[in-house]
Amino acid sequence: MFGLSIDHIVILLLAGLFILGPERLPEAARWVAQTVKRARGFAAGTKAQLEAELGPEYQELRKPLQELQSLRIGNPRAAVTRYLLDDTPPAASPAPPPAPAPVPLRANERPPVDPDAT
């Protein structure tokens, strides 16, 4: 239920018992249950209305959201594997030219200094 553990639910019930008292707690629990049921019914009705009005376009709209959901819930290792082993090959970029080899300093020679960089 909403990602809460049994311990959290017990703590919430005890807090409700102390705040509302034993007389009003059952009525408050009933009100919360009815409100959640109405919200779920409203969401289901809205979803059905969208599906009816949009038709096949609804599935096209849901596809990116489902991909995001799978990334959020999924395993990070699986997401990286899917990204790296995707069927589409990445665009090939040209390799940068190798940097020239540094020239060693002679004895008692000072290294060049850029006064603007220091």
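Here the structure is a predicted model, which means the values were calculated and not measured. Keep in mind that the numbers below use all heavy atoms, side chains included, and drop hydrogens, waters and symmetry copies.
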d(Glu57 CD, Leu50 CG) to nearest 0.5 Å is 11.5 Å

So CG of Leu105 and CZ of Arg110: to nearest 0.5 Å the spacing works out to 12.0 Å

Correct closest heavy-atom pair for Leu13 and Leu25 would be O-CD2, 4.4 Å

Query - Within 6.0 angstrom of Glu109 CD, more than 12 heavy atoms from elsewhere - result: yes

Going by chain and number, the hydrophobic cluster around Phe42 (ILVMFWY, side chain to side chain under 4.5 Å) further includes none

dist Thr35:OG1 -> Arg40:CZ (nearest 0.5 Å) comes out at 12.0 Å

Interatomic distance, CD1@Ile9 vs CG@Leu14, rounded to 0.5 Å, equals 12.0 Å

*asked:* Atom CD1 of residue position Ile6 - does it have more than 12 heavy atoms of other residues, nucleotides or ligands inside 6.0 Å?
replied: no

**Message:** Tell me whether Leu20 shares a hydrophobic cluster with Trp31, the cluster being built from Ile, Leu, Val, Met, Phe, Trp, Tyr side chains joined at under 4.5 Å.
**Reply:** no

Output for pair (Gln49 CD, Leu54 CG), nearest 0.5 Å, gives 10.0 Å

Between Arg24 and Ile19 the two heavy atoms that sit nearest each other are NH2-O, 4.4 Å

| field | Crowding at CD, Glu51 (>12 non-hydrogen neighbours, <6.0 Å) | value | yes

